[in-house]
Amino acid sequence: MPDLAAPLVEWYRANARDLPWRRAGFGPWGVLVSEFMLQQTPVNRVIPHLEAWLTRWPTPTDLAAAAPADAVRQWANLGYPRRALWLHRAAVEIRDRHDGVVPRDVDALLALTGIGDYTARAVAVFAYGDRHPVVDTNTRRVLARVIDGRSQPGPPSRRDLRAMEAILPVDRTTAAVVNAATMELGATVCTARVPRCEVCPLTDRCAWLAAGRPDTGDERRKQARYEGSDRQARGAVLKALRDAATHAVPLAEVVPDWPDRLQRDRAIDSLIADGLAEAVDGLLRLPV
DNA sequence: AAAGCGTGGAC
DNA sequence: TGTCCAAGCTT
């Protein structure tokens, strides 16, 4: 395999975006919160919410002391509100099991609620500077193209970690830069829709480009239709709860105009099952 | 292990 | 308009 690390590092030094979590001294808690928010939510939408969140809860212990409802409300419209619940839960676990300090060990991180293979290694690498492969959707796309000559990556797999490990340099500081650079290249150059191969630092060693950028098909699952879905109903119910000035809404008055009554009730039940809502005395509210 | 889970922007 | 996409996770 050609050396990918060297051109990636050089490219990153000149082209990395100035993002909050890359500033010196941002801290493990800030990195952890940013990674939660970045799970499936675009960078530009995360930044203002991240800063507000860290101002309100500067440490895990601060968040752990808040009610889950406050976390869900502060999460606002970032999407996938279970992440707010999980982040709150992780903060409690960090307070109770790690003396309020974000753990550095990957297995300890993996044991926290809402943290998987990507987030655990992202924190260990970007917050603590340790040497691990960090693999997100950008990385998987870059490796799929450069190494496998495919236009899109297949479904996530443990093999992805080994593929990334294989291109990491030995030095942990440089390895961290290679991790960040690969993600950054996927986010800004080697993009899903319209790749900008003309400014890519890997053109002379990219299997996909060499093959003439074939469309090899997309093995990923397609997202289900959102309009009219149960997910949309859940979103509407939860927004109503977030916006409720009284913090508790009579069940009959929760999105009363929703076109499908059964679907609305299904949404309420599933939100309760997920711990995102509570029904008390005929009222619905966020979890206290 | 495949499905389910929000939201908004781009085209 | 509909479709795709976005630093994934849990069950």
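It should be emphasised that the depicted structure is a prediction, and the values quoted were computed from it without experimental measurement. Proteins get letters first, then strands, A, B, ... in listed order; numbering begins at 1 in each.
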Provide the distance between the two P atoms, one in C:dA7 and one in B:dG4, to the nearest whole Å.
23 Å
Using atom P of each nucleotide, how far apart are B:dG8 and C:dC9 to the nearest Å?
23 Å
Do A:Gln152 and A:Thr216 get their side chains close enough for a donor-acceptor pair, meaning under 3.5 Å?
no
Using a distance-only test with no angle check, is there a side-chain donor-acceptor pair under 3.5 angstrom linking A:Arg234 and A:Ser270?
yes
Touch check for [X], heavy atoms < 4.0 angstrom, all strands: base, sugar-phosphate only, or nothing?
| X | value |
| --- | --- |
| A:Trp21 | base |
| A:Leu110 | nothing |
| A:Arg17 | base |
| A:Arg22 | base |
| A:Arg140 | nothing |
| A:Gln223 | base |
| A:Pro81 | sugar-phosphate |
| A:Leu78 | base |
| A:Ala192 | sugar-phosphate |

Would you say the base of [N] and the side-chain of [X] have a donor-acceptor pair closer than 3.5 Å?
| X | N | result |
| --- | --- | --- |
| A:Arg225 | C:dT3 | no |
| A:Arg193 | C:dC5 | no |
| A:Arg231 | B:dG4 | no |
| A:Thr41 | B:dG8 | no |
| A:Gln40 | C:dC5 | no |

Has [X] got a side-chain N or O lying under 4.0 Å from the OP1 or OP2 atom of [N]?
| X | N | value |
| --- | --- | --- |
| A:Arg82 | C:dG8 | no |
| A:Arg45 | B:dT7 | no |
| A:Asn77 | B:dT7 | no |
| A:Ser270 | B:dC5 | no |

Got a donor-acceptor contact below 3.5 angstrom from the A:Asp99 side chain to the A:Val101 backbone?
no
Residue [X], side-chain atoms from C-beta onward, closest of [options]:
| X | options | answer |
| --- | --- | --- |
| A:Arg221 | C:dA7, B:dA3, C:dG8 | B:dA3 |
| A:Arg220 | B:dC5, C:dA6, C:dA7 | C:dA6 |
| A:Arg83 | B:dG6, C:dA7, C:dA6 | B:dG6 |
| A:Trp86 | B:dG6, B:dA3, C:dT10 | C:dT10 |

If I take atom [atom1] in residue [X] and atom [atom2] in nucleotide [N], what distance separates them, rounded to the nearest angstrom?
| X | N | atom1 | atom2 | value |
| --- | --- | --- | --- | --- |
| A:Asp117 | C:dA7 | CG | P | 17 Å |
| A:Arg234 | B:dG4 | CZ | P | 12 Å |
| A:Gln39 | B:dC5 | CD | C1' | 12 Å |
| A:Gln152 | C:dC5 | CD | P | 6 Å |
| A:Lys222 | C:dT3 | NZ | P | 10 Å |
| A:Asn44 | B:dT7 | CG | C1' | 14 Å |
| A:Tyr226 | C:dT1 | OH | C1' | 18 Å |
| A:Leu85 | C:dT10 | CG | P | 13 Å |

Pair A:Arg121 + A:Asp117, salt bridge at N-O below 4.0 Å
yes
Salt-bridge contact A:Arg131-A:Asp171 (side-chain N to carboxylate O under 4.0 Å)
no
Roughly how far apart are A:Ile94 CD1 and A:Leu32 CG, rounded to 0.5 Å?
5.0 Å
Under the ring pair (Phe, Tyr, Trp, His ring centres under 6.0 Å) rule, collect the residues that match up with A:Trp53, sequence neighbours excluded.
A:Trp57, A:Trp75
